[in-house]
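If you read the sequence from its start, that first residue is 1, and numbering goes on from there.
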Amino acid sequence: MNPIKSLIVSIFLVTLLNIFLSKNSKHIKRKIQWPHYLFGYFFVLYILITLVLVGFPTLWEWKLLLNFNKPIFNPHINLIPFKDGFDLTYILNIILFMPFGFLLPTLWEKYRNNIWSTFCYGLFFSFVIEVSQLFVGSRTTDINDIITNVLGTICGWLIFSILRKIFCKFADKTVVNISSSEAFAIKLEPYLYIPIAMICVFFG
């Protein structure tokens with residue numbers, strides 16, 4: 001599966017998710033509107049691009065390593081924050097994760113008024129990426145990446161909070177408020193985009 005096919009498959013899976021959500025959203029106080037679905041596609045596209053840029057492992061790479069009798073598990077770990085200073089790479093990491101912090105509150109109310117929830121999800125996504133680096137020969141699992149990725153997530157959230165006041169009417173159309181009484185599929189929606197993108201990249 002090449003990158004184009006990975007993108008097509010991810011869009012197809014998100015479309016199935018959206019259809020499922022639409023059928024299970026009858027009891028939501030405010031109906032899910034089309035901008036939410038549109039930004040959902042932006043979200044999965046962003047995650048796909050991010051995983052490719054950071055070097056998420058692929059099945060093709062694992063097969064190549066095995067053919068050359070090289071291990072799949074290649075731990076290169078740095079646990080000392082900024083021991084070599086703060087360079088351009090860290091700034092790029094911050095910029096890379098800003099859309100993540102921006103799109104979470106765009107899509108879901110639970111991340112809109114609570115920066116802590118956005119912080120935790122950004123930390124989780126960053127942690128998933130860094131753990132995956134243990135299975136890529138040319139990458140390092142780096143505490144600096146986690147720190148800068150989370151900083152980028154917070155910056156994205158702050159940018160959303162400013163723009164929300166300007167585009168408040170449109171912002172209200174993109175969001176879904178998930179309560180304890182909603183269907184399980186709707187509660188699970190925020191956590192499905194990352195696995196969808198990971199599967200598509202891995203088999204790509």
Side-chain angles (χ1 to χ4, degrees), residues 1-14 17 40-104 107 111 117-157 188-204:
M1 194 187 300
N2 59 37
I4 299 299
K5 289 182 179 179
S6 296
L7 176 61
I8 293 173
V9 172
S10 65
I11 290 175
F12 173 74
L13 292 175
V14 172
L17 173 63
Y41 288 114
F42 289 154
F43 192 41
V44 76
L45 176 61
Y46 159 75
I47 296 173
L48 277 171
I49 293 172
T50 300
L51 292 177
V52 170
L53 289 177
V54 301
F56 191 79
T58 65
L59 181 61
W60 176 83
E61 182 183 16
W62 283 6
K63 288 181 178 179
L64 195 62
L65 289 172
L66 292 175
N67 286 338
F68 287 97
N69 294 319
K70 294 184 178 180
I72 292 175
F73 184 63
N74 296 283
H76 304 284
I77 304 173
N78 171 44
L79 297 177
I80 303 175
F82 306 112
K83 64 178 181 179
D84 297 321
F86 195 93
D87 58 29
L88 179 62
T89 303
Y90 302 135
I91 296 175
L92 294 177
N93 281 349
I94 292 173
I95 295 172
L96 180 63
F97 262 70
M98 286 171 64
F100 191 76
F102 182 88
L103 288 170
L104 283 178
L107 288 163
Y111 301 105
S117 296
T118 305
F119 169 86
C120 290
Y121 204 169
L123 180 63
F124 168 75
F125 184 35
S126 182
F127 184 75
V128 168
I129 289 175
E130 294 308 308
V131 170
S132 74
Q133 310 278 273
L134 296 171
F135 302 91
V136 181
S138 59
R139 299 285 178 167
T140 300
T141 298
D142 197 335
I143 187 65
N144 297 326
D145 291 341
I146 294 178
I147 294 171
T148 51
N149 292 347
V150 172
L151 282 175
T153 300
I154 294 173
C155 289
W157 186 90
L188 202 61
E189 185 201 4
Y191 313 107
L192 292 177
Y193 289 89
I194 290 177
I196 287 173
M198 288 172 61
I199 290 170
C200 291
V201 171
F202 178 73
F203 288 102

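- Contact of the I143 side chain with the I80 side chain is not registered, since no non-hydrogen atoms from C-beta on lie closer than 4.5 Å.
- Side-chain contact check for I129 versus D145: every heavy-atom pair is 4.5 Å or farther apart.
- A distance of 6.0 Å or more separates the ring centres of W60 and F203.
- R139 contributes atom CZ, which lies 9.5 Å from atom OG of S132 (distance to the nearest 0.5 angstrom).
- With a 4.5 Å cut-off on side-chain heavy atoms, V14 and I196 count as touching.
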Evaluate the criterion side chain to side chain contact (heavy atoms under 4.5 Å, CB included) for residue pair V201 and S6; output intermediate values, then yes/no. CA-CA 6 Å; V201 171; S6 296; 5.8 Å; no
Should L104 and W157 be marked as a side chain to side chain contact (heavy atoms under 4.5 Å, CB included) after you check the CA-CA gap, both sets of side-chain angles, and the distance that decides it? CA-CA 8 Å; L104 283 178; W157 186 90; over 6 Å; no
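- In this structure, Q133 contributes its side chain and V54 its backbone to a donor-acceptor pair below 3.5 Å.
- How far CG of D142 is from CG of N93: 8.5 Å, rounded to the nearest 0.5 Å.
- F100 has its ring centre less than 6.0 Å from the ring centre of F125.
- Taking the six-membered ring where the residue is Trp, F86 and F82 present tilted rings, their angle falling between 30° and 60°.
- A distance of 10.0 Å separates OG1 in T141 from CG in N78, rounded to the nearest 0.5 Å.
- Y121 pairs with exactly one of F127, Y193, Y111 by the ring pair (Phe, Tyr, Trp, His ring centres under 6.0 Å) rule, that one being Y111.
- Each of L51, L53, I47 was evaluated against I49; a single residue qualifies, L53, per the side chain to side chain contact (heavy atoms under 4.5 Å, CB included) test.
- Residues that satisfy the side chain to side chain contact (heavy atoms under 4.5 Å, CB included) test with N74, not counting sequence neighbours, are L65, P71, H76.
- Atom-to-atom distance recorded for C200:SG and I11:CD1 is 9.5 Å, nearest 0.5 angstrom.
- In this pair, W62 and F135 present their aromatic rings tilted. The plane angle is within the 30 to 60° band.
- In this structure, the separation between CD on E130 and CG on N144 is 9.5 Å, given to the nearest 0.5 Å.
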Begin with the C-alpha distance, continue with both residues' side-chain angles, and end with the deciding distance and a verdict on side chain to side chain contact (heavy atoms under 4.5 Å, CB included) for L17 and L192. CA-CA 9 Å; L17 173 63; L192 292 177; 3.5 Å; yes
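- In this structure, the separation between SG on C155 and CD1 on I95 is 9.5 Å, given to the nearest 0.5 Å.
- Without hydrogens or angle criteria, T50 side chain to Y46 main chain gives a donor-acceptor distance under 3.5 Å.
- Just one residue in the list T153, N149, I147, V150 forms a side chain to side chain contact (heavy atoms under 4.5 Å, CB included) with L123, and that residue is V150.
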